[in-house]
Every structure is written in structure tokens, then in C-alpha cells.
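Everything on this sheet refers to the single structure shown next.
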Amino acid sequence: MSDRLNLAVIIGSTREGRWAPAPAAWIAGVARQHGGFDVDLVDLLDADLPQHLSEQDMWNTESDQSAPVAALSERLHRADAFIVIAGEYNMSIPASLKHAIDYYMDEWAAKPVAMITYGGKVTGGQNAAQHLRQIFPELRTMTIRNTIAFPRFYQHFDERGQFTGFEEAEPAAKSLLDELRWWGRALADARSATPMPSPF
Ligand SMILES: Cc1cc2nc3c(=O)[nH]c(=O)nc-3n(C[C@H](O)[C@H](O)[C@H](O)COP(=O)(O)O)c2cc1C
């Protein structure tokens, strides 16, 4: 039996011309090489969640009549750990990512999440990361210590158009994945030993 954990890497931006798929593809590749994970690259643009969030949706996502809601529910349920990719939007996270977080509840519960952020400013999206640290505990999701930030990422492309920050960030990615794997294993074991109590 494989000891690998299921990792969902979530592309948080759906903006036209978004940069999010580049860091998502990079960390997905590093995670596959790491050996501790089976990786599912989740693009919220393809997930195509309805704009409308009804009162019932967050309680019935598995049997939701909307195929996109049920399909993303299944992928999030399958995950033992998450990495979210979030550019900073007005000192916070993209609306598309917040919408996907709000759409689900049990899918996120008792699992760890790591954050990879970036932005136009020198802070590298750390305001987005701090907001995620406020949001995720409400879903009973554990935000891990290690993060990766790409400040003013647009200034770091070489003459061939390759982003130079990924290679520099490889050691940080390894530490992040090691920590995520530890939490993912610990929480998977805890979930199977004892169901998490209802928050209500
Ligand atoms: C509406 C909007 C608000 C933004 N606000 C911030 C911000 O507060 N801080 C920052 O560092 N960058 C900010 N930016 C720059 C984004 O982080 C940058 O455009 C990034 O590429 C967005 O992620 P994406 O390309 O994956 O959609 C903002 C961009 C947009 C479009």
C-alpha cells in the first residue's frame, strides 16, 4: 500500500492573464518529486462553481445537484493536505479563492494547508497569507508554519522569460512539503482514529 498522501494544489485566481498557474505548476512538480504525495492540481477556473451560494449549499456539497459543486467536493474530500496559491488582492485573497473556501465545510476539516503567495508589492502577498490564517481555522483547517512568498514577482524574469524565483525557492519548498507531509500524516491518522466532532 502506498504511504503517499493526497495533496490538492489549488490555483486560487481565476483572473484573465493570471500568474497563479505558474507557481502552482512549479510546486506541484516539486511535490511529485518529493515522493510523499499524489498531487491533484485544482484550477478554480475549471471548477466553475456557481456564483450563487444558497443557504443549503455548504451542508449538501456531496449530493449537490450542481455537477461542478459535487465534483470539487469529491476532489477536496480526497485530499489529505492542501497548498493554496494566492496572489494578494487589496491586502487579502482573490474573491475566487474565498468563494471556494466558503462553498465547502467538511471537505476542509482536520487537514493542513500551506500557502504560497505573491503580489505587486514588496510584501509578497503576506497580507493574503495572514487573512488565510484567520479564515481557515473556522473551517477547522490547520495552516502550517512554512510559507513561500514571491515579492514583486514580475521583476524576476530572465531574458528567456523564465521566472528566476522558483529555483531559489526550492529549499523553502522542500521544508514546506516536509512540514505539510508531517501534519498531513498526523491528521489523517487522527481522522481515522477519531471522527472530528461537529463544530455546532
Ligand atoms: C484588484 C487587484 C488588487 C491588488 N492588490 C494588491 C495588493 O493589495 N498587494 C499586492 O502586493 N498586490 C496587489 N495586486 C497585484 C496582484 O497581486 C498581482 O496582479 C497578482 O499577479 C495577482 O494574482 P494573479 O495574477 O494570479 O491573479 C492587486 C491586483 C489586482 C488586480
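Computed from heavy atoms alone, side chains included, the values below leave out hydrogens, waters and symmetry copies. Atoms within a ligand are numbered from 1 in the order they appear, just like the ligands themselves.
For Tyr154 and Trp19, the ring centers are positioned 6.0 Å apart or more.
Within the structure, salt bridge (charged side-chain N to carboxylate O under 4.0 Å, His left out) pairs that include any residue of residues 73-90 comprise Asp40-Arg75, Glu74-Arg78, Asp80-Arg191 (at least two apart or interchain). Within the structure, salt bridge (charged side-chain N to carboxylate O under 4.0 Å, His left out) pairs that include any residue of residues 118-145 comprise Asp106-Arg140 (at least two apart or interchain). Residue pairs meeting the salt bridge (charged side-chain N to carboxylate O under 4.0 Å, His left out) criterion with at least one partner in residues 146-165, sequence neighbours excluded, are Asp158-Arg160.
Within 4.0 Å of ligand 1, counting heavy atoms only, the contacting residues are Ser13, Arg15, Arg18, Trp19, Ala20, Gly87, Glu88, Tyr89, Asn90, Met91, Tyr118, Gly119, Gly120, Lys121, Phe153.
Of the residues listed (Ile27, Ile10, Leu97), the one engaging Ile85 in a side-chain contact (heavy atoms from CB on, under 4.5 Å) is Ile27, and it is the only one.
Between Phe150 and Gly165, the closest heavy-atom pair is CE2-O, 3.7 Å.
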